[in-house]
There are 2 protein chains.
Amino acid sequence: MIIDENINTDLRKIEDQFKSAISVDCVIFGYDEDYVDLQALTLDCNMSPYEGQFSLVGDLVQPNENLDEAAQRILLERAGFNDVFLEQVKTFGSIDRHPKGRVISVAYSALVKLSEFKIASENPHHPSWQPFNHLTEGNMAFDHFEILQASIQYLRKHILTLPVEYMLPNKFTLSQLQSLYEAILNEPLDKRNFRKKILKLDIIKETKEYQKNVAHRPAKLYQLKRNRKKDAKEAIS
Amino acid sequence: MIIDENINTDLRKIEDQFKSAISVDCVIFGYDEDYVDLQALTLDCNMSPYEGQFSLVGDLVQPNENLDEAAQRILLERAGFNDVFLEQVKTFGSIDRHPKGRVISVAYSALVKLSEFKIASENPHHPSWQPFNHLTEGNMAFDHFEILQASIQYLRKHILTLPVEYMLPNKFTLSQLQSLYEAILNEPLDKRNFRKKILKLDIIKETKEYQKNVAHRPAKLYQLKRNRKKDAKEAIS
DNA sequence: TCAAAAGTGTTCCTCATACACCCATGC
DNA sequence: GCATGGGTGTATGAGGAACACTTTTGA
């Protein structure tokens, strides 16, 4: 018994020594033509002192997985999302950012289509989409609001080189695309200038189809030109 | 004895579990008007299997220090450099990037003036300035060449918003500044266009002094306008 | 015929680029 | 007087910003 206690004490010492851990936090932005507002994926935090607040989708990195792999796994395990194009944004390492000890967190971010990433209602982590503008320093756990801010800033800065069209249906109108840009940038854009710029980027092509059953002149539908996801990956490296 | 061995075995198990660590690697770029070439700060690596290769200035992050603080401390301890403006670049976390176990490394980068950051010859870590272009995948330890590449890419991309003038003497000529830009970008620039662009940036001001004792028309000397270091810090956030 | 969104062109300004010659000094 | 780098202006084209009216459809 005494021996066991000694062992435990020693173990605890070691644990203290190594009480720093690495985690990944994923900032997933969601959008859908019908929603208007940009959404962000959150979990319900049940860790003291943050009970009832929102947290990002995060977990510890395992010893046998790369950071990028960890991000994919965590997103699958906690939110049920597969095959998402994640990018590293920044690393957060303040001493006291986590109440349980030293946790250094690498932030990743991605863009998804709400209609394709429905949340399973029985998920024990209670993931949910929250309107981006409703998330505040006050209702987010840990330093996750700061991470959210860094991610939206990254997204806004790189909006022209990120595959944001993946947040839209396969075929979409230019107005839908413009609404998406406006949701991300949180500012109105000029229609004519927007069209000129997008068409010059040479990433989408028009189809021969038009909207149907709309109470106004039907809009032409557009499609992606190539594999923009792959392009984006290559462009970033 | 048996007991002790058991304890050690248990400790080792725990150590294995927690054998992931966090480090910071600093990529310090150095320049001096007389050198022409951009330099990078390296240490002599003596860890197998990288003996004789160059490494970046890095070390483990302590449990009680923030990442930014760790970068400052490590740079001071290993290279003797104080008060350097460091910026986080990217985090590297491949499973097998370090032979001794799982080490996740946060890369930081900074710009310094060679003449102000002389290396103490008795330094046990053997820091040295290496011409940037001489560093290769082949002569750098770990994944440090990859980190170096990410850092120079970051520097080139942000050259207009980073306080690169801090790599020059207090008073400098526009030609000296142009040479610095050319060293960083590794490409020649047009003299007239360069001057127009820099002067429009409104970050330097002319003095009433001129070069002396040069065998050609003496150049006007310029100075920084404000605290560009502070400006840069605010601009990044 | 009305409401609602689609679609379209021009002007102005700023900025990037390309490019060549005279100027002041030390030797 | 000559070698050396300092210093300057202009023309052209691309891209961003501002701005208003006509078209097509369903109801």
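All values reported here derive from a predicted model rather than from experimental measurement. To find a chain, count down the sequence lines: A is the first, B the second, and so on, and within it residues start at 1.
A:Y181 approaches A:I159 most closely through the heavy-atom pair CD2-CD1, 3.4 Å. Shown here for B:V24 and B:L67, the closest heavy-atom pair between the two residues is CG2-O, 4.1 Å. Across B:L43 and B:H125, no two heavy atoms sit closer than the pair CB-O, 3.7 Å. Contact detail for B:L135 and B:M140: the closest heavy-atom pair is CB-SD, 3.9 Å. For the residue pair B:Q223 and B:N170, the shortest heavy atom distance occurs at CG-O, 3.8 Å.
Rounding to the nearest 0.5 angstrom, the gap separating the CZ atom in B:R195 from the CG atom in B:D190 is 10.5 Å. Remark: B:Y31 OH to B:L114 CG distance equals 9.5 Å, nearest 0.5 Å.
No side-chain donor from either of A:E165 and A:Y222 sits under 3.5 Å from a side-chain acceptor of the other. If you check the side chains of B:S151 and B:S109, you find no donor sitting under 3.5 Å from an acceptor. Counting only N and O atoms by type, the side chains of B:S128 and B:Q130 include a donor and acceptor under 3.5 Å apart. Of the N and O atoms on the side chains of B:Q153 and B:Q149, not one donor lies less than 3.5 Å from an acceptor on the other residue.
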Checklist entry - Using Watson-Crick and G-U wobble pairs with both distances under 3.5 Å, what is the 5'-to-3' dot-bracket string of DNA chain C, with [ ] for crossing pairs and | for pairs outside the strand? => result |||||||||||||||||||||||||||
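For the contact set between residues 170-178 of chain A and DNA chain D, defined by any heavy atom under 4.0 Å, there are no members. Taking a 4.0 Å limit (strictly below) on heavy-atom distances, residues 187-195 of chain A reaches DNA chain C at A:K191, A:R192, A:R195.
With hydrogens and angles ignored, the 3.5 Å screen pairs no side-chain donor or acceptor of B:D202 with any backbone N or O of B:K225.
A cation-pi arrangement is found for B:K90 relative to B:F92, the charged atom lying closer than 6.0 Å to the ring centre and inside a 45° cone about the ring normal.
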Got a list of protein N/O to nucleotides 24-27 of chain D N/O distances below 3.5 Å?
unit_1 : atom_1 : unit_2 : atom_2 : d
D:dT24 : O2     : A:R217 : N      : 2.7
D:dT25 : O2     : A:A215 : O      : 3.4
D:dT25 : O2     : A:H216 : N      : 3.4

Nucleotide N/O of nucleotides 11-16 of chain D paired with protein N/O under 3.5 Å:
unit_1 : atom_1 : unit_2 : atom_2 : d
D:dG15 : OP2    : A:K200 : NZ     : 2.8

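Of the charged side-chain nitrogens involved, at least one lies within less than 4.0 Å of a carboxylate oxygen, so that A:D25 and A:R97 count as a salt-bridged pair. A salt bridge links B:R73 and B:E77; the closest N-O separation between the charged side-chain nitrogens and carboxylate oxygens is under 4.0 Å.
Interface limits on DNA chain C: the 5'-most and 3'-most nucleotides within less than 4.0 Å of chain B heavy atoms are C:dC15 to C:dG26.
D:dG6 atom P lies 15 Å from atom CD1 of B:I198, rounded to whole Å.
For CZ of B:F145, the number of neighbouring non-hydrogen atoms (other residues, nucleotides, ligands) closer than 6.0 Å is greater than 12.
With contacts defined as side-chain heavy-atom distances shorter than 4.5 Å, the pair A:E87/A:L162 qualifies.
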